[in-house]
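Just so it is clear, the structure is predicted and the values come from calculations on it, not from any experiment.
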Amino acid sequence: MKKIRKPVILTLMLMTGLTAAGYFLLTKGSGTEGSLTTQIQQQQSDLLMDKAYQIDLEQSAVELKTTGAGKNVSDFKTQNAYQANTPAEAKGRLEHLIQRTSPSLNEPVIVLNPFGTCEGAMFFSFQTAKAGMIRYTITVADSSVPDFVRYVNNGKENNMSKKHEFAVSGFVPGMENYLILEVLDKKGRSLEKKVYKYNAPASQAAKAVLHEETKNSEEPKNGLFVVMPSGDKKIYLYDNSGVLRSTIQTESAHGSRFYQVGNSVLYQVSGTKVAKVSGTGQVMALAQVNGYGNIMDFSYDGYDNIYSLGRKKGIYYLLGTSFQTGKTTALYQFPKGIVPASLTTPSGGSVYVSCSSPSGIVKLESLTSKKPKVSFVLGKDTDWKKTKWKKKVSKDSTVPRWNLAGAVLYTDERGTKDNQDSISAYVLDGKKGTGVQFTVDSRKKSVEIVNAYPVGENGRCTGEVYKGHFIITNREEGVYTEYDIGGLVTRRFKFGKTLDSVTKVSLEGICFYAG
């Protein structure tokens, strides 16, 4: 036994003496080119308990400081982020700062929240001698907090570049964070690295949300939960372990929608204004809706226009607002007595609108023409018999059994194909709350249920599909849950406060590289 113990003890001593760099390379792993995608997916799950933190990080890390001796982080103190001139002014200051220096990995340009949109985020700019990709890891001493690992998306072929400009978010509020920046080769092997430490300010929101462990072997899909609490104008992004990783500032209100489209995200910043924001936090465009009260719901056509629901003198309207011109147009006036609730993402000049009175779903077509029209209604004949659309009610028997009053519609990730429009929502099916994923055949005016999640949540709830899983939020209870394809819980989070909305985004292709 002694002969066996001796090498084991020596090995343990050797492992204990490893530097943070050696430990990081062992745990975060160099990989072969074929396994790099798997490596990226695993490390970006926010669930791994292998940590890069080691005690000697405290001695080797460079402190990130915005003031005083050793200041190495600029702070523009950008205000009024969502005013027309602010983004260009902040961008000009940033470009000037970069141009008058020669930023490298050892001496990068670092600016705290330069565009004023994301609290605690830091913009980095530097160049490397060889092309590579950037991986950053945020780790803390607390063993219960998983590392936050992200591969920066630089938009270049194979994600390889000599120029690197990106925003780092993920610092845990109220804790001493260690940031490990690495330059990797195309196989994911570390070429260079730099280590920083940062004492992140505390947040008014909980730095961690309680969650229930499950025996389900299926894990949550990679991504961040976008949490919009009632009575709080800020937007919070929590990871799969329930840790707060980012806080987005608005002007006065966050609404209830958050879209990831192309290389941007879109969200409300006030009751009447929507911002389109880049992966570095720069506001790229603003759309202001005036004259129709607060935005009830909005979606985006992917090009220039947001579509929203508004109200004027007791009448409801579908509105279109151009990012380019700023003009708002009343595309459709709903008849008196029709109360719309939410709308899907426009596709092919059409959009679906849920109605709380009467209960149902309306399809509006030819939105860009002078006379948009209702092509059909999904609902009960008896509910719609006193409306001008009574002859447009579909004969399909699926939707009429649902209580859709106030239901929030989500455009399913499957999109539209061969006249099949994919939608998800949370409805009352009889007396049981059910998340449904369904397809509408616009020719046959019929509905096919793809998946149903009869979880029985009471009160105001929403349900949407995310990467094949289903996210159901009980807004009144302040609970959001991710279910797998079989309807089993992968993770349930108890935020503890009333919620206006929770959605999930990957930020792949915007901030992070998916492999």
Acceptor/donor pairs from residues 85-93 side chains to any protein atom, 3.5 angstrom cut, sequence neighbours excluded:
unit_1, atom_1, unit_2, atom_2, d
Thr86, OG1, Asn80, O, 2.7
Arg93, NH1, Phe76, O, 3.4

Parallel, tilted or perpendicular, as decided by the 30° and 60° cut-offs, for the rings of Tyr332 and Phe334: perpendicular
Please report, to 0.1 Å, the donor-acceptor pairs under 3.5 Å made by any side chain of residues 270-284, with sequence neighbours excluded.
unit_1, atom_1, unit_2, atom_2, d
Ser270, OG, Thr272, N, 3.3
Ser270, OG, Lys273, N, 3.1
Thr272, OG1, Gln288, NE2, 2.5
Lys273, NZ, Tyr82, O, 3.1
Lys273, NZ, Glu251, OE1, 3.4
Lys273, NZ, Glu251, OE2, 3.2
Lys276, NZ, Tyr300, OH, 3.0
Ser278, OG, Thr280, N, 3.3
Ser278, OG, Thr280, OG1, 3.1
Ser278, OG, Gln282, N, 3.2

Chi angles and distances behind the side chain to side chain contact (heavy atoms under 4.5 Å, CB included) call for Asn240, Lys504: CA-CA 10 Å; Asn240 279 333; Lys504 195 170 188 181; 2.9 Å; yes
More than 12 heavy atoms from other groups under 6.0 Å of CD on Gln204: yes
Heavy atoms of other groups near Lys156 NZ, more than 12 under 6.0 Å: no
Geometric class of the Phe148/Tyr136 ring pair [parallel <30°, tilted 30-60°, perpendicular >60°]: tilted
From Leu181, Leu184, Thr128, Asn106, residue fulfilling side-chain contact (heavy atoms from CB on, under 4.5 Å) relative to Glu192: Thr128
Face-on cation placement of Arg257 at Phe298 ring, 6.0 Å and 45° thresholds: no
Shortest non-hydrogen contact between Gln260 and Ile510, atoms and distance: CG-CD1, 3.2 Å
Shortest non-hydrogen separation from Ala129 to Lys162 and the atoms involved: O-CE, 3.4 Å
Side-chain ion pair, Glu476 and Arg460, N-O less than 4.0 Å: yes
Arg414 with Asp412: basic N within carboxylate O range, under 4.0 Å: yes
Aromatic centroids of Phe493 and Tyr480 separated by under 6.0 Å: yes
Validation row, ring centre Phe258 to ring centre Tyr267 under 6.0 Å: yes
Atom CD of Glu63 with >12 non-hydrogen neighbours under 6.0 angstrom: yes
By salt bridge (Lys or Arg N to Asp or Glu O under 4.0 Å) - contacts of Arg492 (at least two apart): Glu212
Least distance between heavy atoms, Leu112 atom then Asp75 atom: CD2-OD2, 3.8 Å
Short N-O contact, Lys234 and Asp232, less than 4.0 angstrom: no
Ile306/Val289 under side chain to side chain contact (heavy atoms under 4.5 Å, CB included): CA gap, chis, key distance, verdict: CA-CA 10 Å; Ile306 68 160; Val289 182; 4.1 Å; yes
Any side-chain heavy-atom pair of Val227 and Val209 under 4.5 Å: no
Ring-ring centroid check Phe115 Phe123, cutoff 6.0 Å: no
